[in-house]
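Both ligands and their constituent atoms are indexed starting at 1 by order of listing.
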Amino acid sequence: MLGAIIGDMVGSMYEFHPCKTKKFNIYDYRMRTTDDSYLTMAVAKVLMDNYPINYTKESLKKIQKELAKEFVRTFRNNLNCGFGAKFYDWCLASLDMCEIQPPYNSYGNGSAMRISPVGWIAKTEKELKTLSKTVTEITHNHPEGIKGAEAIALCIFMALRGYTKDEIGERMIKEYYPEIAGFCFENLVKTYEFSEICQKSVPQAIYCFLISNSLEDAIRNCVAIGGDVDTIGAMAGSIAEAYYQSDSLCDFEDKFLYLIVDPEVEDFVKKFHQTIGTGKFK
Ligand SMILES: [Mg+2]
C-alpha cells in the first residue's frame, strides 16, 4: 500500500505535465496524495475493520455496504483530490439522494488504483478473485474494470509469494493482457498517451514493474512513459512494493516517511501491516 501511495504522490507532479524521462527530482516538495491514495486507504480501512475476512455472501455484502459508505465519506473529505468524473457524479448522487447509487459499469482505472490491500489480504487465489470483485463492483462493474483490478491484485499476491517477474509476466500475458509481450520501453516513452481506462493503463503499469529493478525504478519508469501517471505509479508502485519490499523498508520509502508522507498516513499504513501481520514495519 505504501508503494501505491508513493507512486501516486510522485505521479501527481506529472499527470498533466509529462516529462517523458527517468531523470527527474523524485522528492519534489509539491507532490500530493490524490484520489488513488485516499481510495486505497478507504479499501484498506474497511478490509481491516472486517479482518480476518469471512467469505460468506452476507459478510461480503456487509463489506460492500461499508465500503460504499467509506468511498462517499472519503469523497466528502477530499473533494478536490482528483476524483474521476463518473466517480464524482456517483458520490454526489449518493449524497443527494442519501442512498448509495448503483454501480455505473465503469472500466476506468480507478478500480485497479485502489485494489492493492486485496493483494495483501487474500490467502488463496479464489479468495483474491472474490474479494477483488467484491471491492470493485460497487462502482466498476464492467468486465474490464473487474479484470484490471484483479490483474493488479494478482500481481501483488504472486509477488508476495516469491514468484519471479518472468512468472508474473507470463501469467499476465497469458490470462489478462497479451499486449504486454509486445511492449518496448523506449516506444512507450515516445508514443504512450494519457488514458484513464483499465485496458490502456493497467498493462502499461504492470510492464513498468516488470522491467524495474527496485520500487523507485518502477515509479521512474511510470513517470517516463507518462499518461495518467499518478494512477500508473500507484498500480506499478503497489506491485513493486510487494515484490521488493514486502518485509522491509528501503531507503527510498524511509525518506518518504521521514519528510514527505503525512504522519496520519504513515500511522495508517503501519496499522494495516500490524493488523494483517506482515514483517514490513518490524
Ligand atoms: Mg489521481
Side-chain angles (χ1 to χ4, degrees), residues 1-19 24 26 28-45 67 70-92 104 106-118 135-136 138-140 144-145 148-149 151-153 156 192-206 208-209 215 218-241 256 260-262 264-265 268-269:
M1 185 167 49
L2 183 57
I5 293 168
I6 296 176
D8 171 39
M9 293 186 82
V10 173
S12 72
M13 289 296 305
Y14 301 100
E15 186 178 3
F16 303 109
H17 315 280
C19 75
F24 60 92
I26 206 159
D28 194 303
Y29 72 95
R30 294 166 294 176
M31 64 186 144
R32 292 281 176 270
T33 37
T34 80
D35 56 335
D36 309 68
S37 296
Y38 294 120
L39 293 174
T40 296
M41 289 192 281
V43 170
K45 180 187 182 300
L67 186 52
E70 189 61 25
F71 282 161
V72 174
R73 195 190 70 84
T74 302
F75 167 78
R76 285 187 64 193
N77 291 341
N78 306 279
L79 284 178
N80 298 314
C81 73
F83 294 115
K86 282 185 183 165
F87 182 82
Y88 199 99
D89 289 345
W90 177 83
C91 290
L92 267 189
Y104 46 91
S106 176
Y107 45 83
N109 55 19
S111 67
M113 77 187 186
R114 69 189 188 204
I115 202 68
S116 54
V118 168
V135 164
T136 302
I138 297 169
T139 49
H140 291 58
E144 288 291 345
I152 297 292
I156 293 169
Y192 182 60
E193 287 178 359
F194 190 95
S195 172
E196 285 178 326
I197 68 173
C198 278
Q199 304 92 298
K200 290 190 175 171
S201 59
V202 173
Q204 284 78 7
I206 294 169
C208 284
F209 154 68
L215 172 60
I219 293 173
R220 284 189 184 276
N221 288 337
C222 297
V223 171
I225 71 163
D228 188 5
V229 192
D230 55 338
T231 297
I232 296 175
M235 295 188 282
S238 67
I239 307 168
E241 180 198 8
F256 263 82
I260 299 167
V261 173
D262 288 337
E264 309 83 68
V265 173
F268 182 85
V269 171

#### Entry: D35: its N/O/S atom lying closest to the Mg ion (ligand 1) (atom name)
OD1

### Query
Of the backbone and side-chain N, O or S atoms of S12, does one lie nearer to the Mg ion (ligand 1) than 2.8 Å?
no

#### Entry: Within 6.0 angstrom of Y107 OH, more than 12 heavy atoms from elsewhere
no

### Message
Under a plain distance cut-off of 3.5 Å, with no hydrogens placed, do T34 and D8 share a side-chain donor-acceptor pair?
### Response
yes

### Task
State the atom name: nearest N, O or S atom of D230 to the Mg ion (ligand 1).
OD2

#### Entry: Minimum-distance N/O/S atom that D36 presents toward the Mg ion (ligand 1)
OD1

### Message
Does any part of the side chain of S201, heavy atoms only, come nearer than 4.5 Å to the side chain of M235, both counted from C-beta?
### Response
yes

### Query
Checking only N/O/S atoms, does E15 have one that is under 2.8 Å from the Mg ion (ligand 1)?
no

### Task
Determine whether the side chains of T74 and R114 contain a donor N or O and an acceptor N or O closer than 3.5 Å.
no

### Task
May I ask you to decide if the ring planes of Y14 and F24 are parallel, tilted or perpendicular, using 30° and 60° as cut-offs?
perpendicular

